[in-house]
Amino acid sequence: MDIFTKKRLAIASVVYWLLLAYIVVALVWWFIALENQNHRMADYKFSELKLDDPAFQSKYQAIADEMRIKDVQYIGEGATFLVVILIASIFVYQAVRRQIRLQSQQENFMMAITHELKTPIAVAKLNLETLLKYSLSDDKKLKMLQATLQETNRLNTLVSNILVSSQLEGGRYRMAKEELELSDLVKTTVSEFRNRFPERHWQCEIDSEIDINGDPLLLQILVNNLIENAIKYAPKESPITIKLLQKGKTINFQVIDEGPGIPDNEKRQIFEKFYRIGNETTRTAKGTGLGLYLCKKIVEDHDGHIRVTDNLPRGSNFMVSFTVKHTHEQ
Ligand code: ADP
């Protein structure tokens, strides 16, 4: 959270709590005033009673009963009102905080996205212009083309993430679920990543013939995003482990890295839209905070679960599990 957002949150909180304190104090004050009035009325009625009146006892009792009933009524109404105000204020407070946080994350996202879109385009353009203008050695040409391809891939992931998340949110994405071999999808994706990042150390344990009923494009985005994060956040020399295993009706897909890991208090938040660990000044890796949000949405749309745990001794372990509903025999 940046300083500006923190300041806005602090001001909103102070104004809010002052207003709430005023409402509670006013409520208590009205309660005391009503109680006093009630007792004064009863005292007045008592003073109007005549001692020699044969109905004195019953009239006295009636006034005392009325006073008690009003006491109970004021206490009951006051307490209900207070509880309703407190519950409502907690809801409003949480909603305001969420809104301010979302707004600031959205602003960060806009800044990040402008940068993320412009950089790969600029790099690709420069590389292509250089290739056109100068006659380079084959080795240099290859390096430049590889770099350009890498930038295009980054751009592709980014654009897919943005488009698909906005379509999924607006309910405009029509899921094309089909029976597909997840093993193939994961194997092909990993071999593409191996080609793109040959310097990384890949460890794979991918069972064959694991089928799933799912949307190929969405599952591809899920696998890409998790692997890309491992590449992005874990040191270059550390291994990346990819596992796809099936136990009974449960399919488990894991991407394990030996990077910085995710602090316990952020293990849930990283799946929120635009959420990124750290702040704009401490962050070194590029990103938009959309990747894991989209992963969670995709997994849930396939009735699965995603979570992250610590990998020991270091790093994180992203675990996705799906339950197989249909088999080939059906
Ligand atoms: P982005 O990578 O674009 O910032 P994500 O939604 O993919 O967005 O991830 C959200 C945040 O979770 C990242 O900013 C990063 O701080 C953290 N994160 C994601 N994957 C990893 C990982 N494998 N290791 C450490 N931190 C991670």
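On a predicted model such as this, the values are computed, not experimentally measured, just so you know. Indexing begins at 1, ligand by ligand and atom by atom, following the structure's order.
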Check the side chains of N225 and N161 for a donor-acceptor pair under 3.5 angstrom, ignoring hydrogens and angles. yes
Got an N/O contact under 3.5 Å between F318 and ligand 1? no
Look at ligand 1 and say whether K232 reaches it with a heavy atom at a distance under 4.0 Å. yes
Mode of D257 contact toward ligand 1 - side chain, backbone, both, neither (heavy atoms, under 4.0 Å): side chain
Inspect the contact between E169 and K273 and indicate whether a charged nitrogen and a carboxylate oxygen are less than 4.0 angstrom apart. yes
Please check if the side chain of T157 supplies one atom and the backbone of N153 the other of a donor-acceptor pair under 3.5 Å. yes
Between D215 (side chain only) and M175 (backbone N and O only), is there a donor and an acceptor less than 3.5 Å apart? no
If we number the atoms of ligand 1 from 1 as shown, the ones under 4.0 Å from a heavy atom of S316 are 22 (C), 23 (N), 24 (N)
Using a 4.5 Å cut-off on heavy atoms from C-beta on, say whether the side chain of S160 contacts that of L294. no
Which is closest to atom 5 (P) of ligand 1 in terms of heavy atoms, V255, L292, I227? L292
Are any of the N or O atoms of R276 closer than 3.5 Å to those of ligand 1? yes
So the atoms of ligand 1 within less than 4.0 Å of a heavy atom of G291 turn out to be 5 (P), 6 (O), 7 (O)
Could you list the atoms of ligand 1 found under 4.0 angstrom from a heavy atom of I277? 14 (O), 16 (O), 17 (C)
Please identify which atoms of ligand 1 are closer than 4.0 Å to at least one heavy atom of Y275. 10 (C), 11 (C)
Answer with yes or no whether N225 contacts ligand 1, where contact means a heavy atom under 4.0 Å from a ligand atom. no
Where the closest heavy atom to atom 26 (N) of ligand 1 is concerned, which of I113, L158, I262 has it? I262
Pairwise side-chain contact, F274 with T288, heavy-atom cut-off 4.5 Å (strictly under): no
With sequence neighbours left out, which residue pairs that include part of residues 56-81 fulfil the ring pair (Phe, Tyr, Trp, His ring centres under 6.0 Å) condition? F46-Y60, F56-Y60
Steps toward side chain to side chain contact (heavy atoms under 4.5 Å, CB included) verdict (L142, M144): CA-CA 5 Å; L142 189 69; M144 278 207 149; over 6 Å; no
Closest to atom 20 (N) of ligand 1 (heavy atoms only, candidates N229, I231, I240, L226) is N229
